[in-house]
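Lettering follows sequence order; numbering is per chain, from 1.
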2 protein chains.
Amino acid sequence: MTRAESETLLRSLGLRPTPQRMLILQAILNSPGHISAEHIYEQVREEYPHINISTIYRTLELLKEHHAISVTDLGQGSVLYELLKEKRHHHMVCLSCGKILEFDHRFLEPLETALEKEYRFKAQIDHFAIFGLCADCLLTGSRPIRKVSLWDRDPVGRDGKGEEDD
Amino acid sequence: MTRAESETLLRSLGLRPTPQRMLILQAILNSPGHISAEHIYEQVREEYPHINISTIYRTLELLKEHHAISVTDLGQGSVLYELLKEKRHHHMVCLSCGKILEFDHRFLEPLETALEKEYRFKAQIDHFAIFGLCADCLLTGSRPIRKVSLWDRDPVGRDGKGEEDD
DNA sequence: CTCCATTTTGCAATTAGTTGCACTTGCATA
DNA sequence: TATGCAAGTGCAACTAATTGCAAAATGGAG
């Protein structure tokens, strides 16, 4: 993405296209997938060493509010940012192996519809992270980092203790 | 909940029932709804002034891992904790008025089923927070704190600019 | 081009939450 | 009751993210 394009995007959001914001946007746009604030900071600093980390966070907050980017906690210690494209997607995060898979927004449409019908609540689901166990880990029987729920256990207990630690 | 009951709960999770943990658990159990780590800290300190905040966080992490409590960011600056009961529920958070509504776990079952069928991914959804606009705010036309998506806009533009700031 | 109101930034301080490490406690076993 | 050791705690240092405020940059009007 060129300077001109990021300037256009910023103006279309009603934001001033400052040099800092252009560089932040380009860092996000040129990143293949998710990117952290710290990583954006490093990239922008190469071109604009004077930039302050709080400018990064403030710009990201603005872009989020305008639904130009998504903000997701994939459980990696810091939050990740991504350009929101027309075709929304979400993520499944494996609690056992850490694998991150993608699923299409259409999987969430029944939920959106149901909440709207039942509660007249208009959900704004930009980007979800759903934690659980992936196919591989279920097959190989790898033990999850997080435990199975207290309440999910078979009441007769024929599925074992389920109490071992990692 | 009595001392004996929290001791039993801790033991059933394979955790040592230390005085600190008993008090933390009782603070959660005696709280009507969601409770913050800071609030738990204050409550526990009344009985056990020596307790350290990191013990609170570590205990909460353990209880989360064992699916004994849920951990949810309702967008209030700090994360909230709640006892996980057999009947799971989730929340809708209004971006305009801040109202917090509840919905039953059955609304998420189609999603769980679809992800399992399509990807063999076993989702572990303890507690969700879904942001959006509540019925009241949609009716009164209150402006959301967060904007409508760039990509949701009517391509012919007959629904107005949608670009105004708060 | 200059002036001015408004927006944006840098900076320093602050908050929520986490971590490494040494000390303490709980509890199983003798 | 005493002992050994894993589990748990306190402490201090650290990280990610946020905020108030004064200075600087932006963009429109003259």
Side-chain angles (χ1 to χ4, degrees), chain A residues 3 6-8 10-25 34-42 44-45 47-66 69-81 145 147 163-166, chain B residues 3 6-25 34-42 44-45 47-66 68-69 71-81 145 163-166:
Chain A
R3 276 179 64 83
S6 23
E7 179 167 344
T8 305
L10 285 167
R11 286 200 196 278
S12 84
L13 300 175
L15 301 172
R16 287 188 184 169
T18 65
Q20 292 96 325
R21 284 174 179 175
M22 309 264 274
L23 290 164
I24 291 166
L25 206 43
H34 301 103
I35 185 169
S36 69
E38 198 60 37
H39 194 169
I40 295 169
Y41 184 44
E42 284 163 20
V44 173
R45 247 194 320 188
E47 288 258 317
Y48 194 109
H50 189 59
I51 189 122
N52 190 278
I53 190 79
S54 62
T55 301
I56 308 278
Y57 282 112
R58 275 190 283 231
T59 301
L60 291 170
E61 175 65 20
L62 279 172
L63 294 172
K64 179 189 87 184
E65 281 175 7
H66 286 85
I69 59 170
S70 67
V71 183
T72 321
D73 184 352
L74 258 17
Q76 314 195 262
S78 64
V79 151
L80 298 178
Y81 303 84
I145 299 159
K147 310 296 160 64
E163 290 295 309
E164 312 90 332
D165 259 300
D166 307 317
Chain B
R3 276 179 63 83
S6 23
E7 180 167 345
T8 305
L9 174 50
L10 285 167
R11 285 198 195 279
S12 83
L13 300 174
L15 301 172
R16 287 189 184 168
T18 67
Q20 292 96 326
R21 284 174 179 175
M22 309 264 275
L23 290 165
I24 292 166
L25 206 42
H34 302 102
I35 186 169
S36 70
E38 198 59 37
H39 194 169
I40 295 170
Y41 184 44
E42 284 163 20
V44 173
R45 248 195 318 189
E47 289 257 317
Y48 195 109
H50 190 59
I51 189 124
N52 190 277
I53 190 79
S54 62
T55 301
I56 309 277
Y57 282 112
R58 276 190 281 230
T59 300
L60 291 170
E61 174 65 19
L62 278 172
L63 293 172
K64 178 189 89 185
E65 281 175 7
H66 286 85
I69 60 170
V71 182
T72 321
D73 183 351
L74 259 17
Q76 316 198 278
S78 64
V79 152
L80 299 177
Y81 303 85
I145 299 158
E163 290 295 309
E164 313 89 331
D165 258 300
D166 308 320

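Counting any heavy atom pair closer than 4.0 Å across all strands shown, A:Ile53 reaches no nucleic acid atom. Here A:Tyr48 lies in heavy-atom contact (under 4.0 Å) with sugar-phosphate atoms only.
The side chain of A:Tyr57 lies closest to D:dA16, out of C:dT25, C:dT8, D:dA16. If you check C:dT8, D:dC11, D:dA17 against the side chain of A:Thr18, the one that comes closest is C:dT8. Comparing D:dG10, D:dA6, D:dA16 by their nearest atom to the side chain of A:Ser78 picks out D:dA16. The A:Gln20 side chain lies nearest to C:dG10 when the options are C:dG10, C:dC27, D:dG10. Which of D:dT26, C:dT9, D:dT9 sits closest to the side chain of A:Pro19 comes down to D:dT26.
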**OP:** List the steps, then state whether side chain to side chain contact (heavy atoms under 4.5 Å, CB included) holds for B:Leu13 with B:Leu62.
**Re:** CA-CA 9 Å; B:Leu13 300 174; B:Leu62 278 172; over 6 Å; no
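Between the side chain of B:Arg58 and the base of C:dG17 there is no donor-acceptor pair of N/O atoms closer than 3.5 Å. Not a single donor-acceptor contact under 3.5 angstrom links the side-chain atoms of A:Arg16 to the base of C:dT8.
A:Leu23 places none of its side-chain heavy atoms less than 4.5 Å from the side chain of A:Ile51. Taking 4.5 Å as the limit, every side-chain heavy atom of B:Asp73 sits out of range of all side-chain heavy atoms of A:Asp73.
A salt bridge between A:Lys64 and A:Glu61 is present, with a side-chain N of the basic residue lying under 4.0 Å from a carboxylate O of the acidic one.
Taking atom CD of residue A:Glu65 and atom C1' of nucleotide D:dT18, one finds them 13 Å apart after rounding to whole Å. Rounded to whole Å, the distance from CG on B:Leu62 to P on D:dA6 is 18 Å. A:Leu80 places its CG atom 14 Å from the C1' atom of D:dA17, with the value rounded to the nearest Å. Rounded to whole angstrom, the span from the CD atom of B:Glu38 across to the C1' atom of C:dT14 amounts to 13 Å. One atom, CG of B:Asn52, and another, P of C:dG17, lie 15 Å apart when rounded to the nearest Å. Note: CD1 (A:Ile56) to P (C:dT8) measures 15 Å, nearest angstrom. Atoms CZ (B:Arg11) and P (C:dG26) sit 11 Å apart, rounded to a whole Å. D:dT9 atom P lies 4 Å from atom CZ of B:Arg21, rounded to whole Å.
Each of B:Ser54 and A:Ser54 was matched to the nucleotide of DNA chain C holding its nearest heavy atom; the match closer to the 5' end belongs to A:Ser54. Both B:Pro17 and B:Tyr81 lie close to DNA chain C; mapped to their nearest nucleotides by heavy-atom distance, the more 5′-ward contact belongs to B:Tyr81.
What you find for B:Ala37 and B:Tyr81 is that their closest heavy atoms are N-CE1, 3.8 Å.
For B:Thr55 and D:dG8, the shortest distance from a side-chain N or O to OP1 or OP2 is not below 4.0 Å.
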